[in-house]
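Labels below follow one simple rule: chain letters A, B, ... track the order of the sequence lines, proteins then strands, and each chain is numbered from 1. Below, each value reflects all heavy atoms present in this structure, side chains not excepted, and no hydrogens, waters or symmetry copies. Computed from a predicted structure; not experimentally measured.
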Number of protein chains: 2
Amino acid sequence: MGTVGKAISLLELFTVAEPELGLSDLARRSGFDKATTRRLLVALTRHGFVEQDAATRHYRLGAGLSRLARIREARFPFLRTAVPLVRDLASATAETVHLSEFGIDRLVTVHVEHPARANRVNIDIGQLLPLHSTASGIAYLAFARDEAVKACLAGLLEAFTAHTLTEPAAISRSMAEARERGYSICDQGLEEGVISVAAAILAADGFALGTIAVAAPKARTTTADITQRGLAVMATAREISMRLNGDNLQSLRRQA
Amino acid sequence: MGTVGKAISLLELFTVAEPELGLSDLARRSGFDKATTRRLLVALTRHGFVEQDAATRHYRLGAGLSRLARIREARFPFLRTAVPLVRDLASATAETVHLSEFGIDRLVTVHVEHPARANRVNIDIGQLLPLHSTASGIAYLAFARDEAVKACLAGLLEAFTAHTLTEPAAISRSMAEARERGYSICDQGLEEGVISVAAAILAADGFALGTIAVAAPKARTTTADITQRGLAVMATAREISMRLNGDNLQSLRRQA
DNA sequence: GGATATTGGTTCATTATTTGAACCGTTATT
DNA sequence: AATAACGGTTCAAATAATGAACCAATATCC
C-alpha cells in the first residue's frame with residue numbers, strides 16, 4: 001500500500017461512533033507502526049484533513065475535508081437536493097430512510113433519517129454498504145455500468161446472514177427483478193430481522209450514481225408495506241434524479 | 001513536500017469555479033511531473049477521494065471526501081447548526097453572509113448566502129480567507145489562542161489593497177477593537193469597494209473555531225448600516241455558539 | 001487533409017522519502 | 001510503588017516515489 005493509501009486509510013478509521021482517536025489506537029487499528037502513523041497524521045494535519053485536540057491529544061477529522069466536500073457539493077448538490085426528499089419519505093413511511101452515493105466500489109451512506117421509534121433500523125452516516133447483500137446495492141447494480149457489475153460479481157460475495165445471496169446468478173436475477181419493478185427488495189441480506197426496499201438515483205448519463213432506501217424491522221412489515229414503500233422509494237428516487245439532472249437525463253435506461 | 005502533502009495539494013486545486021480538471025492541467029498547476037500527478041491521482045481515486053469522468057477523462061473530487069465530511073458533520077454539526085441562521089441573517093440584511101471555519105492557518109468558507117441583487121459581494125464556497133486582511137480573520141484572531149495569533153503576525157502580511165493592515169501593531173489594535181465591540185469591521189482590507197463586519201463563533205473552550213460575516217459594497221453602506229449589521233452578526237455568532245456548545249461554553253472569554 | 005501541438009498515459013533506473021525498532025518522558029492503571 | 005500504556009522522537013536501512021523519455025490518440029491550426 002502506497003503512502004497516500006496509508007494516510008487515507010487512517011482517515012477512514014474515524015466514524016460517527018468514534019470521531020476521536022488517539023495515536024496508539026490509530027496505529028493499532030491500521031496496523032502501521034506508531035512512528036509511521038504519527039508522521040502520516042502530521043502530514044494530514046498540515047493540510048487540515050485532521051485536527052488534534054489540544055487537551056486530549058486525540059485526533060479527529062478536520063476542516064480541510066469539509067471544505068473540499070463543500071466544493072464538491074456546490075457543483076454536485078446531491079445532499080441539498082436529496083435530503084429534503086429523504087426527510088419527506090421518512091415522515092411518510094415512519095421507517096428509516098437512508099441515502100447513499102456510490103464510491104470506492106461500495107455505497108457510502110451520506111444521509112439517514114431515523115423515525116422517532118425505539119424499535120427501528122439504525123444506520124450510521126458514513127457506513128459503507130456492500131452491493132450484493134443490500135437493497136441499495138442491488139438497486140445500484142440494476143442501473144450500473146457493466147464494469148461495476150462485473151467487478152462486484154467477481155469479488156468476494158460475503159454471506160452476512162443465512163439469507164445473503166452469494167451466487168452471481170441469484171444476484172443477477174435480483175438485479176433483473178429490480179430493473180423490472182423499479183425498486184429492489186432485500187430480505188435480511190445484511191442483517192437478520194431487517195427488510196429493505198431501494199431505488200437507484202440516476203446521473204445524466206442514465207447510470208446509477210446512488211440510491212435511496214427504506215429499511216424496517218421485518219417483524220412489523222407486511223407484503224402491502226413492501227409494495228407501498230417500494231413505489232414510494234421509486235418515486236422519490238425519480239424525483240431526485242430529475243432535480244439533479246433536469247432535461248439532461250437521458251431517456252434511455254430510464255426507469256419504467 | 002512529502003507524498004501525502006503532494007496528493008492533498010492536488011485535491012486543493014479543485015474549486016467551485018473549476019470542479020473538473022485534466023491530468024496535464026493538474027500537473028501544470030501543481031508543478032509535479034505528469035507521471036507523478038497520475039500516480040497520485042490513481043491513489044486518490046482508489047480511495048474515492050477523486051473520481052475520473054468516463055467520457056472526458058477529467059478528474060473531480062469524489063464521494064470518499066463527502067463521506068468523511070459527513071462523518072465529521074454528524075459529530076460536529078457546524079453546518080446544520082449555522083446554515084439556517086446564516087440564511088436568516090442574509091434575509092435580514094439583504095447582503096452577502098458567509099460562514100467560515102478555521103483550518104490550515106486560514107479561514108475556510110463553508111457556506112455563503114448571496115442576496116438576490118446584481119450588485120453584491122461574491123464569495124465562493126471553499127474560498128480561503130487570510131486572517132490579517134478580512135473582517136472574518138480579525139474577528140477570529142480576537143478570540144484565538146495566542147499561538148494562532150503569533151503565527152499569523154509572524155507570517156507574511158500581504159497587502160491586498162492600499163487599505164490592508166500589514167503592521168502587527170495595527171492588526172493587534174484592530175483585534176482589540178473587535179474584542180471590545182464584539183464584532184470586527186474591515187474596510188477594503190481584501191478587496192477594493194467591499195466593507196465587512198464579522199463575529200467569532202466560539203468552541204466550548206471559549207476560543208474561536210469559525211466566524212460569520214456580512215459583506216457589502218461600500219458604496220451603499222452607511223455608518224448606521226455597519227453598526228446594525230455588526231450587532232446582528234454578533235447576535236448570530238452568539239446564537240450559533242450557544243447551539244453548538246450549550247451549557248458547555250465557558251463563560252470565561254465570552255463575548256461582552 | 002496534413003502538420004503540429006497537446007492530451008492522457010506508461011516505463012524503469014535513479015533518487016528521495018518512508019520506515020520502524022528502540023528509545024524517551026508523562027500519565028493512567030493496578 | 002510498580003507496571004502498563006500513552007504520545008512522541010530518532011536515524012540507518014528499506015522501500016516507495018520520481019521524472020525523462022516515450023507512446024498513441026485527439027485537438028488545433030493552416
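- Across all non-hydrogen atoms, the minimal contact from B/Phe160 to B/Pro130 is CE1-CG, 3.7 Å.
- Side-chain contact between B/Ile8 and B/Leu44: absent, with no pair of heavy atoms (C-beta onward) separated by less than 4.5 Å.
- Scored by the side-chain contact (heavy atoms from CB on, under 4.5 Å) test, B/Ala27 finds B/Lys34, B/Thr37 as partners (sequence neighbours excluded).
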Between the protein and nucleotides 15-20 of chain D, are there any N/O to N/O pairs under 3.5 Å, and if so, what are the atom names and distances?
unit_1 : atom_1 : unit_2  : atom_2 : d
D/dA17 : OP1    : A/Thr3  : N      : 2.9
D/dA17 : OP1    : A/Thr3  : OG1    : 3.4
D/dT18 : OP1    : B/Lys6  : NZ     : 2.9
D/dT18 : OP2    : B/Arg39 : NH2    : 3.0
D/dG19 : OP2    : B/Thr36 : OG1    : 3.1

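- Using a 4.5 Å cut-off on side-chain heavy atoms (C-beta onward), A/Val16 and B/Arg75 make contact.
- Where the helix from C/dG1-D/dC30 to C/dT30-D/dA1 starts and where it ends, the local axes point in directions that differ by 50°; five pairs per end, rounded to 10°.
- For the salt bridge (Lys or Arg N to Asp or Glu O under 4.0 Å) test, residues two or more places apart in sequence or in another chain that qualify with B/Arg28 are B/Asp25.
- Within residues 8-15 of chain B, no residue has a heavy atom under 4.0 Å from DNA chain D.
- Residues that satisfy the ring pair (Phe, Tyr, Trp, His ring centres under 6.0 Å) test with A/Phe14, not counting sequence neighbours, are absent from this structure.
- Contacts classified as ring-ring contact (aromatic ring centres under 6.0 Å, His included) and involving residues 55-82 of chain B (residues at least two apart or in different chains) are given here: B/Phe76-B/Phe78.
- The one candidate from A/Ile212, A/Thr211, A/Asn245 that meets the side-chain contact (heavy atoms from CB on, under 4.5 Å) condition with A/Ile201 is A/Ile212.
- Comment: A/Asp124 does not engage B/Arg70 in a salt bridge, judged by the lack of any side-chain N to carboxylate O separation of less than 4.0 angstrom.
- Contacts with DNA chain C (heavy atom under 4.0 Å) in residues 42-50 of chain A: none are found.
- You'll find the side chain of A/Thr96 stays beyond 4.5 Å of the side chain of A/Asn122, heavy atoms only.
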- Is there a salt bridge (Lys or Arg N to Asp or Glu O under 4.0 Å) between B/Asp33 and B/Arg39 once you walk through the steps? CA-CA 10 Å; B/Asp33 186 87; B/Arg39 231 183 1 266; over 6 Å; no
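- For the pair A/Thr109 and A/Leu99, the minimum side-chain heavy-atom distance is 4.5 Å or more.
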Nucleotide N/O of nucleotides 3-6 of chain D paired with protein N/O under 3.5 Å:
unit_1 : atom_1 : unit_2  : atom_2 : d
D/dC6  : OP1    : A/Arg28 : NH2    : 3.3

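- Between A/Asp105 and B/Arg46 there is no salt bridge, since no side-chain nitrogen of the basic residue lies less than 4.0 Å from a carboxylate oxygen of the acidic one.
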- Apply ring-ring contact (aromatic ring centres under 6.0 Å, His included) to B/Tyr140 and B/Phe102, showing your working. CA-CA 8 Å; B/Tyr140 176 81; B/Phe102 184 75; 4.4 Å; yes
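- Note on B/Tyr59: a side-chain N or O is less than 4.0 Å away from OP1 or OP2 of C/dG9.
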- Item | B/S/- contact track for nucleotides 25-30 of chain C, protein heavy atom under 4.0 Å | ------
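- Within the 4.0 Å cut-off from OP1 or OP2 of C/dG9, at least one side-chain nitrogen or oxygen of B/Arg57 is found.
- For the salt bridge (charged side-chain N to carboxylate O under 4.0 Å, His left out) condition, the pairs that include at least one residue of residues 5-20 of chain A, sequence neighbours left out, are A/Glu18-A/Arg29, A/Glu20-A/Arg60.
- Look at B/Arg38 and you won't find any side-chain N or O under 4.0 angstrom from OP1 or OP2 of C/dG8.
- A 4.5 Å side-chain heavy-atom check between B/Leu79 and B/His111 finds at least one atom pair inside the cut-off.
- If you measure from atom CG of B/Leu21 to atom C1' of C/dG8, you get 14 Å, rounded to the nearest angstrom.
- Here A/Val108 pairs with A/Val110, A/Leu128, B/Arg67 under the side-chain contact (heavy atoms from CB on, under 4.5 Å) rule; sequence neighbours left out.
- The pair B/Arg72-A/Glu51 meets the salt-bridge criterion, since a charged nitrogen lies less than 4.0 angstrom from a carboxylate oxygen.
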